Amino acid sequence: MPPYSPFKINPNFLRPPFKASVMSTQVAVAAGVAGLGIYAFYLRQNASGSATGTALATNMDASDLKPGKLPLSGFGFHSLRLHSTELINHNTKKLRFELLDPSQPSGMGLTSALLTISFPKGRWLPVIRPYTPTNDLNEPGFVELMVKLYPGGKQSTHLHSLQPGDTLTVAPIPELKWTPNKHPHVAMIAGGAGITPMYQLVRGILTNSTDKTRITLVWGVNTDEDIFLRDQLAELEQNYPGRLKTVYVVAQPAAQSPHQKGFVTKQVLEQAGLSGVAEKSNGTKVLLCGPPAMEKALKGTKGWVGGGKKGVLQELGYTQDQIYNF
């Protein structure tokens, strides 16, 4: 086997099998160049690739980092080798990938995600989906993704099929720029696998000794088994008393489930202490990530000349500038 390099791009990524019936080479190249240009512009507007800048983003001391660029900081495509997989529940796998330098962290900042790129079954056009790492961003040598398998999902099916030793092309993308203590309270509302960016930020806030932000997390799932980060969140709640409050809402709870049945509704949010009228004056920030139907119900819809429909958050008194949608 040739020596492994995480920065070596899979040749299939650059030159997939040609299928004239699908798309002409000229169109494919134009689409690829446009996509790369947009991606580069986005990263250069939002990311810093220096080791010191990353240390601040991931709560590390800059003296612990080697000088230069960290593996997944800044602009670039990378090929990561899969180290191991673990089935977390009936439809979610944890994929653990190796970094080039086992002594260095990834270099990703809080709320950053990885854009995963693949060509399942020899497709001419790539399948591209973002996933948020769930391991400690300060951990050297590895990055972990928790991937939920969706029926017919091209990327989730491909990722679930990967075996240790296989590689995956990724590109880091930043999301919300988190500033410690900018908001005294943050309300996180997640649905299903939308918990991953929330969990990354929850841990980042709580493990940062200078960040005193309080957190209320409301997580809606289909079944009790879908609460795949329950133990990790319970540990954080115990270790940081008064800082984190978790509320689970289960659509189809088990017979002896301790969690309330239903969906994330106005009543559920009010019971969780998230009445927008009171929270607006307290500078609360609302973070939202979940299935499209859930996000639509919470954020509302836009229409022509005021013809949109109010969402639950607006009914509670929250304004658009208080809400961030991952």
Side-chain angles (χ1 to χ4, degrees), residues 6 9-10 12-14 16 22-23 28 31-32 34-40 42-43 46-47 71-72 75-83 85-97 106 108-135 137 142-163 166-176 190-201 221-222 226 228-229 287-296 324-326:
I9 298 300
N10 188 327
N12 288 331
F13 171 69
L14 297 175
V22 178
M23 175 175 282
L36 287 173
I38 294 171
Y39 172 66
Y42 181 68
L43 284 184
N46 292 277
L72 297 178
F75 170 76
F77 292 93
H78 310 269
S79 184
L80 302 182
R81 171 169 287 183
L82 182 62
H83 176 269
T85 68
E86 179 185 352
L87 190 63
I88 301 300
N89 65 12
H90 63 103
N91 63 5
T92 303
K93 264 189 176 183
K94 178 167 70 176
L95 307 179
R96 187 168 172 85
F97 291 92
S106 66
M108 298 178 69
L110 283 181
T111 76
S112 293
L114 285 178
L115 202 63
T116 62
I117 306 151
S118 68
F119 288 86
K121 297 182 179 179
R123 287 170 54 96
W124 173 256
L125 291 177
V127 177
I128 303 174
R129 297 288 186 276
Y131 289 92
T132 305
T134 52
N135 64 316
L137 294 176
F142 293 96
V143 64
E144 290 179 358
L145 303 178
M146 286 196 178
V147 180
K148 179 178 179 180
L149 179 63
Y150 291 94
K154 295 181 178 64
Q155 191 72 314
S156 64
T157 299
H158 174 72
L159 294 180
H160 270 240
S161 73
L162 295 178
Q163 300 297 318
D166 291 341
T167 58
L168 177 68
T169 300
V170 302
I173 53 174
E175 274 281 358
L176 171 72
I195 187 63
T196 55
M198 308 299 188
Y199 175 65
Q200 185 194 93
L201 185 55
V221 296
N222 289 323
D226 292 321
F228 54 84
L229 289 170
L287 306 181
L288 177 62
C289 187
M294 171 186 164
E295 294 183 353
K296 182 178 179 181
Y324 182 86
N325 200 165
F326 282 101

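Note that the coordinates shown come from a computational prediction; the quantities given were computed from them, not determined experimentally.
Heavy atoms only, all atoms of each residue included: Gly76 and Pro172 are closest at O-CD, 3.4 Å. Summarising the geometry of His158 relative to Pro120, their closest heavy-atom pair is CB-CG, 4.0 Å, with the distance given to 0.1 Å. Of all the heavy atoms in Trp124 and Phe119, the pair that sits closest is O-CE2, 2.9 Å. Here the shortest heavy-atom pairing between Gly191 and Met294 reads CA-SD, 3.5 Å. Nearest heavy atoms, Ile117 versus Phe77: CD1-CE2, 3.3 Å. The minimum heavy-atom distance between Gly109 and Leu137, with the atom names listed, is O-CD1, 3.6 Å.
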Begin with the C-alpha distance, continue with both residues' side-chain angles, and end with the deciding distance and a verdict on side-chain contact (heavy atoms from CB on, under 4.5 Å) for Tyr131 and Ser156. CA-CA 10 Å; Tyr131 289 92; Ser156 64; 4.0 Å; yes

Check against side-chain contact (heavy atoms from CB on, under 4.5 Å), Asn91 and His160: CA-CA 9 Å; Asn91 63 5; His160 270 240; 5.7 Å; no

Thr169 and His78: CA distance, side-chain angles, deciding distance, side-chain contact (heavy atoms from CB on, under 4.5 Å) verdict: CA-CA 6 Å; Thr169 300; His78 310 269; over 6 Å; no

Evaluate Leu162 against Thr85 for side-chain contact (heavy atoms from CB on, under 4.5 Å), listing each step before the verdict. CA-CA 9 Å; Leu162 295 178; Thr85 68; 5.8 Å; no

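You'll find the side chain of Val147 reaches within 4.5 Å of the side chain of Leu95, heavy atoms only. Contact check for Pro133 versus Leu145: side-chain heavy atoms found under the 4.5 Å cut-off. Counting heavy atoms from C-beta outward, Glu295 and Pro292 have side chains that stay 4.5 Å or more apart. Counting only heavy atoms from C-beta outward, the side chains of Met108 and Leu114 approach each other to under 4.5 Å. Using a 4.5 Å heavy-atom threshold, the side chains of Glu175 and Pro197 count as separate. A heavy-atom distance below 4.5 Å is found between the side chains of Asn135 and Val143. Side-chain atoms of Val170 and Leu168, non-hydrogen and from C-beta on, do get closer than 4.5 Å to each other.
Within the 3.5 Å criterion, the main-chain N or O of Ile128 finds no donor-acceptor partner in the side chain of Gln155. In this structure, Thr157 contributes its side chain and Lys154 its backbone to no donor-acceptor pair below 3.5 Å. Panel note: side chain Ser106, backbone Leu72; no donor-acceptor pair is recorded below 3.5 Å. Judged by distance alone, the side chain of Thr92 and the main-chain N or O of Asn89 form no donor-acceptor pair under 3.5 Å.
Atom-to-atom distance recorded for Cys289:SG and Leu176:CG is 12.0 Å, nearest 0.5 angstrom. Rounded to the nearest 0.5 angstrom, Asp166 CG and Ser79 OG are separated by 10.0 Å. A distance of 6.5 Å separates CD of Gln200 from OG of Ser112, quoted to the nearest 0.5 Å. Interatomic distance, CD1 of Ile173 versus CG of Leu115, reported as 5.0 Å (0.5 Å rounding).
For Phe228, the ring pair (Phe, Tyr, Trp, His ring centres under 6.0 Å) partners at least two apart in sequence or on another chain are Trp219. Scanning for side chain to side chain donor-acceptor pair (under 3.5 Å) contacts around Arg96 gives Glu139, Glu144, with sequence neighbours left out. Scanning for salt bridge (Lys or Arg N to Asp or Glu O under 4.0 Å) contacts around Lys94 gives Glu86, with sequence neighbours left out.
Two rings, from His83 and Phe142, have their centers less than 6.0 Å apart.
For Lys93, the NZ atom sits in a packed shell: over 12 heavy atoms of surrounding residues, nucleotides or ligands are nearer than 6.0 Å.
Of the options Thr132, Thr196, Leu288, Leu287, a side chain to side chain contact (heavy atoms under 4.5 Å, CB included) to Phe326 is made by Leu287 and by none of the others.
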